[in-house]
Amino acid sequence: MNEMTELGRLRSEVPAPTAEALAAQEDRFLAALAEQEDRLHGAFPASRRGRRGRLLFGGLLAAAALAAAAVLGPVLAGPDARPTAYANSAIGIELRGDEYVATIKDPFADHALYSEAFRAMGLDVALDLRPASPTAVGEVFRLGFSGTTESDRIGGTLRPKGCTPGRPGCALTVTVSKDFGGKGVLYLGRPARPGELYQNNADAGRKGEALEGYVVDGRPVAEVLAETRRRGLEVTFQIIEPAPGGDGFSVDPRGQSAKVGGHWVVWAAEPYRQGAVRLLVSEKRVPKNPVTGV
């Protein structure tokens, strides 16, 4: 073992001084300094002697504190205190008021980097980003909790709200309440790479989506296909089996290869991937939409 290694070991075994020990050490130091000054130069006025001693001791104490910090690492205000900021290549987190705000810097990063950052802040939070259609970027797909209380909050959004992902100043963010306890997992929509299938459920006719402004509810397949061709969209089908009266539906994975006819009924259109939509169709027409229940 070399000398530096042995010195490091010895330092690690020295406990950090308590506040009472430091105060006692200061008193002893001042008394010794005063005694020495009286011997060498005669008695100084008490106010001058104390001021000089405390200034000198303050410098020594500051140096000692820096040395202790270098050995012990970050010092927290209390046993339950958490850091106020942390960042890595994928995410940056900072405490703002009564909540932590996490800004996603790389929405395609390894999810372990997000967990690393939350863990550094003392939070047991996992973040799972999933490819989403344009209007669902920043939307929460679902949440999972365990060991939490009613006051624990977690959520995700775009900031500022309604901004366009990818443009300057538009950030995908996650917020977690300051005193969040237990465990949490958040599934959040992120921009999709070219060719990635969207993992959110949305109406392809809503503003910002591929069929914006077009209502498919109850239209024949042939009519809807004419509109998708006009917009240059590809189409995939999901065949559903409506319940009697239209109160819900079922999906048979084995029946998805059936040939869809132009007279079939379209009940819903969903974003599928960039440049493509998925049509939920059935051969039978029922009194109300089995997808929306209306």
Side-chain angles (χ1 to χ4, degrees), residues 82-96 98-167 169-204 206 208-210 236 238 251 253 268 270-278 280:
R82 289 173 171 172
T84 57
Y86 181 86
N88 58 28
S89 61
I91 187 172
I93 307 177
E94 62 178 333
L95 181 61
R96 299 180 189 173
D98 62 351
E99 67 180 8
Y100 292 96
V101 179
T103 302
I104 310 300
K105 297 190 286 184
D106 181 0
F108 307 107
D110 186 333
H111 292 168
L113 290 174
Y114 307 137
S115 298
E116 169 194 293
F118 284 112
R119 190 164 52 249
M121 302 297 284
L123 299 167
D124 193 348
V125 172
L127 179 58
D128 192 337
L129 298 185
R130 302 291 181 92
S133 62
T135 63
V137 174
E139 283 190 0
V140 177
F141 289 2
R142 64 181 183 273
L143 292 169
F145 298 99
S146 67
T148 55
T149 66
E150 291 184 1
S151 63
D152 291 328
R153 304 183 310 278
I154 185 171
T157 188
L158 286 171
R159 289 196 178 189
K161 265 194 174 302
C163 66
T164 302
R167 290 188 178 177
C170 186
L172 186 61
T173 62
V174 173
T175 56
V176 182
S177 55
K178 180 179 178 181
D179 298 319
F180 186 88
K183 298 181 180 181
V185 58
L186 178 70
Y187 297 85
L188 190 66
R190 63 157 172 80
R193 295 185 178 97
E196 273 191 313
L197 300 184
Y198 300 140
Q199 296 190 27
N200 63 295
N201 294 316
D203 179 2
R206 74 183 184 183
E209 296 292 353
T236 186
Q238 182 173 69
V251 176
E270 299 176 341
Y272 185 64
R273 56 174 169 76
Q274 186 177 350
V277 295
R278 175 172 56 198
L280 278 64

For the residue pair [X] and [Y], what are the closest heavy atoms and their distance?
X    : Y    : answer
A202 : P271 : O-CD, 3.2 Å
P165 : P191 : CB-CG, 4.3 Å
D152 : T149 : OD2-N, 2.8 Å
A117 : I91  : CB-CG2, 3.4 Å
A109 : Y114 : N-OH, 3.6 Å
A136 : E209 : N-OE2, 4.4 Å

Side chains of [X] and [Y]: does their closest heavy-atom pair fall under 4.5 Å?
X    : Y    : result
T157 : T173 : yes
M121 : Y100 : yes
V137 : L158 : yes
E139 : L188 : no
N200 : R130 : no
R273 : R278 : no
L197 : Y272 : yes
I154 : T175 : no

Say whether T84 and E94, considering side chains only, have a donor N or O and an acceptor N or O under 3.5 Å apart.
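No, no side-chain donor-acceptor pair sits under 3.5 Å.
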Looking just at side-chain N and O atoms, do E99 and S177 make a donor-acceptor pair shorter than 3.5 Å?
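No, no side-chain donor-acceptor pair sits under 3.5 Å.
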Trace of the side-chain contact (heavy atoms from CB on, under 4.5 Å) decision for K183 with F145
CA-CA 6 Å; K183 298 181 180 181; F145 298 99; over 6 Å; no
Between E270 and D203, is the side-chain contact (heavy atoms from CB on, under 4.5 Å) condition met? List the steps.
CA-CA 5 Å; E270 299 176 341; D203 179 2; over 6 Å; no
Under the salt bridge (charged side-chain N to carboxylate O under 4.0 Å, His left out) definition, can you give me all pairs with a residue in residues 105-121, not counting sequence neighbours?
none
I'd like to know if R190 pairs up with E196 as an ion pair, taking the criterion as any Lys NZ or Arg NE/NH1/NH2 lying under 4.0 Å from an Asp or Glu carboxylate oxygen.
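Between E196 and R190 there is a salt bridge, with a charged N closer than 4.0 Å to a carboxylate O.
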Can you list the steps and then say if S133 with T135 is a side-chain contact (heavy atoms from CB on, under 4.5 Å)?
CA-CA 6 Å; S133 62; T135 63; 4.3 Å; yes
Filter on ring-ring contact (aromatic ring centres under 6.0 Å, His included), then keep only pairs touching residues 176-198, sequence neighbours left out; what's left?
none
Summary of disulfide (SG to SG under 2.5 Å) pairs that have at least one residue in residues 108-167, sequence neighbours excluded:
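Checked against disulfide (SG to SG under 2.5 Å) - neighbours excluded - the pairs reaching residues 108-167 are C163-C170.
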One pair to check against side-chain contact (heavy atoms from CB on, under 4.5 Å): V174 and F118. What are the steps and the verdict?
CA-CA 11 Å; V174 173; F118 284 112; 4.2 Å; yes
L186 and side-chain contact (heavy atoms from CB on, under 4.5 Å): which partner among D128, V140, V125, L129?
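Going through the options one by one, the only one that passes is V140.
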